[in-house]
Amino acid sequence: GAKWTYNGPEGEHHWSKHYPYCGGAFQSPIDIKSELLRFDPTLRPIEIQNYKLSPNEQLTLGNNGHSVQISLPSKMHISSLPHRYTAAQLHFHWGSSGRPSGSEHTVNSKQYAAEMHVVHFNSDKYPNMSMAVDKSDGLAVLGVLIEVGEFNPAFEQFLRFINGIKYRDQRVQVPGFNIRALLPARLDEFYRYDGSLTTPPCYPSVLWTIFRNHVTISRKQFLDMATALYSSHAQESSPVPLNGNFRKPQLVDSRVVLVSFKE
Ligand SMILES: NS(=O)(=O)c1cc(-c2ccccc2)cc(-c2ccccc2)c1
Ligand SMILES: [Zn+2]
């Protein structure tokens, strides 16, 4: 599709010109405010299957010009939702070296350093991701808020290869690792709401699960992610750093955010 950016003339306030859903309802991310929350005792803990990948498996680590993403095998899935949601990819949103706050979702206006999204599609109803991406029950994304703090060995499993994908459309194969280790310890405490892709085409097709507890990465790990990548191709004369790749919080309208925990 047409190119889009996070700032400037193709920035988020212009997305709706080429991508009408970006100007529509049920958009993501949102600011998760305490007064919006409703405890829902029927929310079951997230149960995931086959997230522990063997180093004998290869994953594709890529720079798609807007984020760093890891392709995921289709045996990985969420088993606790009304339909099976099969994993497709995971990617990140982050700030910059000068502004270490780049999460998309905020909690009571607190923006975290970065955010990971593990994207799944409803494989009970749709044969592949492309058929699911624009359906209201098509996608389920797990969101993990990331703070700068303790070193995180799980993140190192892909960060150590990041200099191989500095430029747009570069990809490398990396050994599989335990993707569960990228998630917080507690999968039973989360926020839940109906929203959208946070990038164009902004389809309102995402069941969002944002875990209550953040994970940490070290300052060096954050800088590796926030300073290593470019959104421009290798051969382009003026390299464009890839950072600040987060959309601002959107209007909640009459949406309610469900929570799985009481206090
Ligand atoms: N941020 S997100 O979770 O809403 C998201 C989901 C998907 C997505 C991925 C597979 C299937 C369907 C949707 C793709 C992106 C994306 C990020 C950077 C550049 C382009 C696209 C972002
Ligand atoms: Zn995302």
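Both ligands and their constituent atoms are indexed starting at 1 by order of listing. Computed from a prediction, not measured in an experiment: that's the story for all the values here.
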If we count only N and O atoms by modelled type, under 3.5 Å, do the side chains of His105 and Tyr193 hold a donor and an acceptor together? yes
Tell me whether Phe92 at atom CZ has more than 12 heavy atoms from other residues, nucleotides or ligands lying less than 6.0 Å away. yes
Would you call Arg247 a ligand 1 contact, heavy-atom distance under 4.0 Å? no
Determine whether a donor-acceptor pair (N or O, by modelled atom type, separation under 3.5 Å) exists between the side chain of Asn122 and the backbone of Asp137. yes
Less than 4.0 Å between a side-chain N and a carboxylate O, is that true for Glu57 and Lys52? no
Salt bridge (charged side-chain N to carboxylate O under 4.0 Å, His left out) against Lys220, all qualifying residues, sequence neighbours excluded: Asp224
Hey, is the main chain of Leu187 close enough, under 3.5 Å, to the side chain of Glu189 for a donor-acceptor pair? no
Have a look around the Zn ion (ligand 2) and list protein N/O/S atoms under 2.8 Å, or say none. His91 NE2, His93 NE2, His117 ND1
Quick check: does Thr198 get an N/O under 3.5 Å from an N/O on ligand 1? yes
Top protein contact for atom 12 (C) of ligand 1, by heavy-atom distance: Met129 SD, 3.3 Å
Identified side-chain contact (heavy atoms from CB on, under 4.5 Å) counterpart of Tyr112 within the set Thr106, Val215, Val107: Val107
Hey, is Val133 touching ligand 1 through its side chain, its backbone, both or neither, going by heavy atoms under 4.0 Å? side chain
What protein heavy atom sits nearest atom 20 (C) of ligand 1, and how far away is it? Trp4 CZ2, 3.9 Å
Pull out every atom of ligand 1 sitting under 4.0 Å from any heavy atom of His93, numbered as shown with elements. 1 (N)
In chain order, what residues pass the side chain to side chain contact (heavy atoms under 4.5 Å, CB included) check against Ser196, with sequence neighbours excluded? Gln27, Ser28, Arg247
One thing to verify: whether Asp253 and Arg255 come together as a salt bridge, which I'm taking to mean a side-chain N less than 4.0 angstrom from a carboxylate O. no
Which atom names give the shortest non-hydrogen contact between Met116 and Ile146, and what distance separates them? N-CD1, 3.8 Å
Shared-cluster residues of Tyr230, by chain and number - hydrophobic side chains joined below 4.5 Å: Tyr167
Mind checking whether Asn64 contacts ligand 1 via backbone (N, CA, C, O), side chain (CB onward), both or neither, at a 4.0 Å heavy-atom cut-off? side chain
Show which atoms of ligand 1 fall inside a sub-4.0 Å distance from at least one heavy-atom site of His91. 1 (N), 2 (S), 3 (O), 5 (C), 6 (C), 22 (C)
Taking only heavy atoms of His66, which atoms of ligand 1 are found under 4.0 Å from at least one of them? 18 (C), 19 (C)
heavy-atom search around atom 8 (C) of ligand 1 in the protein gives Val119 CG1, 4.1 Å
In terms of atom number and element, which parts of ligand 1 are under 4.0 angstrom from non-hydrogen atoms of Thr199? 15 (C), 16 (C), 17 (C), 21 (C), 22 (C)
Quick one: does Lys75's side chain have a donor or acceptor within less than 3.5 Å of a partner on Asn50's backbone? no
Could you list the atoms of ligand 1 found under 4.0 angstrom from a heavy atom of Leu197? 4 (O), 6 (C), 13 (C)
Proximity to ligand 1 by part of Gln89, non-hydrogen separation under 4.0 Å: side chain
